[in-house]
Amino acid sequence: MLLSILYIYYQVGTTDYEVLLTFSFSSLEQKIMWFTFFASFATKVPMVPVHLWLPEAHVEAPTAGSVILAGVLLKLGTYGFIRFSLPLFPEACFYFAPFVYGMSVVGVVYTSFTAIRQSDFKRIIAYTSVAHMNLVMIGLFSFNIIGIEGAILQSLSHGFVASALFLIIGVVYDRHHTRMVKYYGGLVHTMPIYVFIFLFFTMANIGLPGTGSFVGEFLILTGSFKINTTVTFLGATGMIIGGCYSLWLFNRVAYGNLKTQYFKNYLDINKRELLTFYPLLLGTLVMGVYPNIFLDSIHFSVNMLIECMYF
């Protein structure tokens, strides 16, 4: 990516973004530079097969690190595509769209199945993050207003939901110092408020109507359906598999018998932890019930982006 930026400076004489938008690169230049930018952004998203750093990073990171990583840092990849790849190299974007669709679909389905067989709390949520961000890529490369707005909204929603899920893991890890799911069970008997919040964000992760994820995923699938029905169908299977891993995880942790052979002390969420969840709960609900607050502010920018690509 850095080499491409240097090449752009050599060709145009400046790296001023406004000037670059008016400059037209040749078809071959666009394809080569698009691919170098793609290599950087795809790793950051992350797309399969360059996604393996994310579960490892989440497992090693403290709770605050995981929240920042899921809530902010992953969005830099999709931001890069929106800000640089789509407007600067539109011809290459259209040319490589099938390639991106292929990678994204494999990412959604493969990582969703991988999440089912994980035994570490954080790895499960990390793989769900990969699946959701790959779905965002399908929306971005639908090249229409509905798909791109859905991708932006889903990125925002994922920031709320994934961050909250990592905080939920942090709450029990803080008490018991283990992330292995097999040690937990029956928490609904002793931690009812915790389980209620866990249920809310589990449903948001699946994309239940009334949560921000539903609006984002619905717009992404609507936008991509206009371009490629097969990709939309395969992308939507990720939501179905998402129901499997999310509900199964919740069921194992919340219900069943209390495993008192492992843990003796159970404390429900305290005031400090509850206050941490409030803005995330509110943001997820507002985005699901009244998404126009967010959509109205991005209409103009997305329209300009589409105009820049097509004309």
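None of the values given here were measured: they were computed from a predicted structure.
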Straight-line distance of [X] [atom1] to [Y] [atom2], nearest 0.5 Å:
| X | Y | atom1 | atom2 | answer |
| --- | --- | --- | --- | --- |
| M103 | N134 | CE | CG | 8.0 Å |
| I220 | S142 | CD1 | OG | 8.5 Å |
| R117 | S119 | CZ | OG | 8.5 Å |
| S26 | M33 | OG | CE | 7.5 Å |
| S155 | L135 | OG | CG | 10.0 Å |
| N205 | Y245 | CG | OH | 5.5 Å |

Under 4.5 Å between side-chain heavy atoms, hopping through other hydrophobics if needed: is there a path connecting [X] to [Y]?
| X | Y | result |
| --- | --- | --- |
| I293 | M287 | yes |
| L282 | I168 | yes |
| L28 | F38 | no |
| F35 | L2 | no |
| V171 | V59 | no |

Between [X] and [Y], what is the shortest heavy-atom contact and its length?
| X | Y | value |
| --- | --- | --- |
| G71 | K75 | O-CG, 3.8 Å |
| V172 | Y184 | O-OH, 3.6 Å |
| M1 | S40 | CB-OG, 3.1 Å |
| L20 | I8 | CD2-CG2, 3.4 Å |
| L153 | P291 | CD2-CB, 4.1 Å |
| A254 | V195 | CB-CG1, 3.8 Å |

Is a side-chain donor-acceptor pair under 3.5 Å present for [Y] with [X]?
| X | Y | answer |
| --- | --- | --- |
| T202 | S246 | no |
| T211 | T284 | no |
| T36 | S4 | yes |
| S129 | H158 | yes |

* To do: List the steps, then state whether side chain to side chain contact (heavy atoms under 4.5 Å, CB included) holds for L281 with F160.
  => CA-CA 8 Å; L281 278 159; F160 287 127; over 6 Å; no

Step through the shown structure and confirm whether more than 12 heavy atoms of other residues, nucleotides or ligands are within 6.0 Å of [atom1] on [X].
| X | atom1 | answer |
| --- | --- | --- |
| F94 | CZ | yes |
| D16 | CG | yes |
| M304 | CE | no |
| Y310 | OH | yes |

Side chain of [X], backbone of [Y]: donor and acceptor closer than 3.5 Å?
| X | Y | result |
| --- | --- | --- |
| Y95 | Q30 | no |
| T128 | I125 | yes |
| S157 | S213 | yes |
| E56 | L52 | no |
| Y17 | R83 | yes |
| W53 | T43 | yes |

Check: [X] ring centre within less than 6.0 Å of [Y] ring centre:
| X | Y | answer |
| --- | --- | --- |
| Y7 | Y9 | no |
| F250 | Y255 | yes |
| F277 | F198 | no |

* To do: Kindly determine whether F99 and Y101 satisfy ring pair (Phe, Tyr, Trp, His ring centres under 6.0 Å), including the steps that lead there.
  => CA-CA 5 Å; F99 168 68; Y101 283 151; over 10 Å; no

Less than 4.5 Å apart, any side-chain heavy atom of [X] and any of [Y]?
| X | Y | value |
| --- | --- | --- |
| I169 | L165 | no |
| I206 | M203 | yes |
| L249 | V253 | yes |
| I197 | L274 | yes |
| L6 | Y10 | no |
| H176 | Y183 | no |
| V108 | L234 | no |

* **Face-on cation placement of R179 at F121 ring, 6.0 Å and 45° thresholds** =>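 That pair does not qualify as a cation-pi contact.
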
* To do: Apply the ring pair (Phe, Tyr, Trp, His ring centres under 6.0 Å) test between F81 and each candidate in F141, F143, F37; give the one that qualifies.
  =>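 The ring pair (Phe, Tyr, Trp, His ring centres under 6.0 Å) with F81 is passed solely by F141 among F141, F143, F37.
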
* To do: Would you check, one step at a time, whether the test side chain to side chain contact (heavy atoms under 4.5 Å, CB included) holds for L285 with F200?
  => CA-CA 10 Å; L285 266 178; F200 176 82; 3.7 Å; yes

* Under a 4.0 Å N-O cut-off, is there an ion pair linking E91 with K31? ->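 A salt bridge is absent here (no side-chain N lies under 4.0 Å from a carboxylate O).
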
* Asked: Are E273 and R175 ion-paired here, with the side-chain N under 4.0 Å from a carboxylate O?
  ->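 A salt bridge links E273 with R175.
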
* To do: Check the pair F166 / H58 against ring pair (Phe, Tyr, Trp, His ring centres under 6.0 Å), numbers first and verdict last.
  => CA-CA 9 Å; F166 282 115; H58 273 307; 4.2 Å; yes

* To do: Dump the intermediate steps for ring pair (Phe, Tyr, Trp, His ring centres under 6.0 Å) on F225 and F233, then the final yes or no.
  => CA-CA 8 Å; F225 190 78; F233 174 77; over 10 Å; no

* **Verdict with supporting geometry, L76 and F41, side chain to side chain contact (heavy atoms under 4.5 Å, CB included)** => CA-CA 8 Å; L76 293 178; F41 296 143; over 6 Å; no

* For V45 and L74, what are the C-alpha separation, side-chain angles and deciding distance, and is it a side chain to side chain contact (heavy atoms under 4.5 Å, CB included)? -> CA-CA 5 Å; V45 166; L74 290 191; over 6 Å; no

* **Partner of S224 under side chain to side chain donor-acceptor pair (under 3.5 Å), chosen from T232, T230, N144** =>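 Exactly one pass, corresponding to T232.
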
